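Below is one structure, written out as structure tokens; comments come after it.
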Amino acid sequence: WRRWPRLCPCTHGGGGDGRGVEIYPLSRYYFGAKDAAAVPRGLETAADRALRLKANFAAHGLRTSVHGVLLVELFDHPHVLLLQVRNSSFVLPGGRLRPSEADVQGLKRKLSSKLSVVRGDGEDTTEDVDDWQECIKLFLIRLPMSRRFVVPRNMKLLAVPLSQIHGNAQVYGPIISGIPNLLSKFSFQCHQ
């Protein structure tokens with residue numbers, strides 16, 4: 001039994017009615033690098049992952065992961081910011097929550113660790129789901145007009161057009177390739 005993720009509009013840092021999404025040009029964002037990060041477990045074999053998830057479920061119960069959908073404008077079209085690992089696999093920024101950690105606080109922690117989206121004063125800004133093993137939640141992140149992203153050296157942060165990821169599960173996986181369908185209920189306001 002498989003459940004598809006639901007896109008939750010994250011209202012922190014954004015306004016409006018939850019349906020209109022302001023996106024800004026990619027040129028307003030700055031990118032840097034930091035020391036390499038541990039490679040996400042998403043690159044392990046399916047059999048190894050199934051065994052690990054089953055053991056974790058037996059020990060700790062349902063596991064929840066949170067991921068951010070970050071949108072930018074490039075060439076007059078919306079693009080999703082994706083992390084590329086080892087020049088092959090694509091993942092959304094985010095990760096697993098700690099036991100009893102709230103969704104939004106955990107997502108802020110994960111975005112800060114993956115993208116270093118922390119202001120100078122230290123204040124935060126900002127795969128298929130097997131129902132017995134893992135709950136994956138996607139949050140639409142409303143980016144500010146400009147931001148500096150600092151990405152681990154062994155990963156690339158790429159702006160990928162929605163039209164390229166739509167229905168392209170063989171390259172981006174079932175969750176990322178489903179993002180355009182999830183976003184279809186929102187309207188975009190591109191700013192220059």
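These figures come from a predicted structure and were not determined experimentally. These values consider heavy atoms only, across backbone and side chains, with no hydrogens, waters or symmetry-generated copies.
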To check you understand the geometry: which heavy-atom pair defines the closest contact between [X] and [Y], and what is its length?
X: S113; Y: K34; answer: O-NZ, 2.6 Å
X: R96; Y: S65; answer: CA-OG, 3.7 Å
X: I141; Y: G68; answer: CG1-CA, 3.9 Å
X: L97; Y: A102; answer: CD2-O, 4.0 Å
X: R153; Y: A33; answer: NH1-CB, 3.3 Å
X: P180; Y: I165; answer: CG-CG1, 3.8 Å

Enter the distance from [X]:[atom1] to [Y]:[atom2] here, rounded to the nearest 0.5 Å.
X: E73; Y: E22; atom1: CD; atom2: CD; answer: 13.5 Å
X: R142; Y: Y24; atom1: CZ; atom2: OH; answer: 10.0 Å
X: Q84; Y: N154; atom1: CD; atom2: CG; answer: 11.5 Å
X: M155; Y: L115; atom1: CE; atom2: CG; answer: 9.5 Å
X: Q105; Y: K110; atom1: CD; atom2: NZ; answer: 15.0 Å

Are side-chain heavy atoms of [X] and [Y] found at a separation under 4.5 Å?
X: I23; Y: V72; answer: no
X: Q164; Y: Y172; answer: yes
X: V171; Y: I176; answer: no
X: L71; Y: V21; answer: yes
X: L83; Y: L92; answer: no
X: K137; Y: D103; answer: yes
X: L26; Y: F31; answer: yes
X: H166; Y: N181; answer: yes

Expected output: side-chain S89 to main-chain V85 donor-acceptor under 3.5 Å: no
H79 side-chain N/O to H77 backbone N/O, donor-acceptor pair under 3.5 Å: yes
Y30-L143 co-clustered via ILVMFWY side chain contacts under 4.5 Å: no
Audit row: V80, L70, side chain to side chain contact (heavy atoms under 4.5 Å, CB included) steps and yes/no: CA-CA 6 Å; V80 177; L70 291 80; over 6 Å; no
Intermediate values then yes/no, side chain to side chain contact (heavy atoms under 4.5 Å, CB included), H191 and M145: CA-CA 9 Å; H191 295 280; M145 272 188 185; over 6 Å; no
L81 vs Y29, side chain to side chain contact (heavy atoms under 4.5 Å, CB included): CA-CA, chis, key distance, verdict: CA-CA 11 Å; L81 293 179; Y29 299 97; over 6 Å; no
Side chain to side chain contact (heavy atoms under 4.5 Å, CB included) between L183 and L162, worked out: CA-CA 9 Å; L183 289 173; L162 291 176; 3.8 Å; yes
